[in-house]
Every structure is written in C-alpha cells, then in structure tokens.
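Notes to accompany the following structure.
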Amino acid sequence: RYERAAQLYRDIIAKFAFHVVAWYCLWKCEVGLGRTGEAAEARRHIADLVETNPLSREMFLKYRDLMPDLDLASSLVEA
C-alpha cells in the first residue's frame, strides 16, 4: 500500500510542487518502503521548500501540527 500511496503523492506533487503536506506524506511512504535515499531526498526537499517558497512556508505553518515528526529548524518557521 505504501507504493500506491507514494504514487498518489507523486501525482499531487507533479501538479502542485509547493505542496509540503504531499511531500511529507511521500517522505513517510519512502521511509515505510525502506528507501532511505529517497526518504532523505524528500526530507531535504521539504526543508528547502519551506525555506524558499512562500506558499510552502504558509502551508507548513498552517499544518505543521499534522507533521509532528518533521523537525525543521526554528529559523525556517519564523517569519
């Protein structure tokens, strides 16, 4: 089921590249599938989006309580 879910999140990301919740869910799927490299890449991309994309930052700040294990530095969420 992780594989199917991962594909659905990739489809969302293809249309809405700023969507940090979809990136978070993809990260969790990659972890569940044991794909450590892909998971690390998704995690890095989330941090980059939150730091550089205003839409991503806004989405992260709004929904960060739904992503409790995503520990971004406080400097990324202050603004």
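- Across Asn53, Val50, Leu55, a single residue satisfies side-chain contact (heavy atoms from CB on, under 4.5 Å) together with Phe60, and that is Val50.
- Sorted by first and then second residue, the salt bridge (Lys or Arg N to Asp or Glu O under 4.0 Å) pairs involving residues 19-31 (not counting sequence neighbours) are Arg10-Glu30, Lys28-Asp69, Glu30-Arg35.
- For Leu49 against Ala17, the heavy-atom pair with the smallest separation is CD1-O, 3.5 Å.
- Sorted by first and then second residue, the pairs that involve residues 25-56 and meet ring-ring contact (aromatic ring centres under 6.0 Å, His included), not counting sequence neighbours, are Trp23-His45, Tyr24-Trp27.
- Taking SG of Cys29 as the reference point, atom CD of Glu3 lies at 8.5 Å (rounded to 0.5 Å).
- Around atom CZ of Phe18, more than 12 heavy atoms belonging to other residues, nucleotides or ligands sit under 6.0 Å away.
- Judged as a side-chain hydrogen bond (donor to acceptor under 3.5 Å, both in side chains), and not counting sequence neighbours, the contacts of Asp11 are Gln7.
- In the hydrophobic clustering (ILVMFWY side chains linked at under 4.5 Å, chained through shared members), Leu33 is joined by Tyr2.
- Listed by chain and residue number, Val21, Met59, Leu66, Met67 satisfy the side chain to side chain contact (heavy atoms under 4.5 Å, CB included) test with Tyr63 (two or more places apart in sequence, or in another chain).
- With sequence neighbours excluded, the residues forming a side chain to side chain contact (heavy atoms under 4.5 Å, CB included) with Ala40 are Arg44, listed by chain and number.
- Rounding to the nearest 0.5 Å gives a distance of 5.0 Å between CG of Leu70 and CD1 of Ile46.
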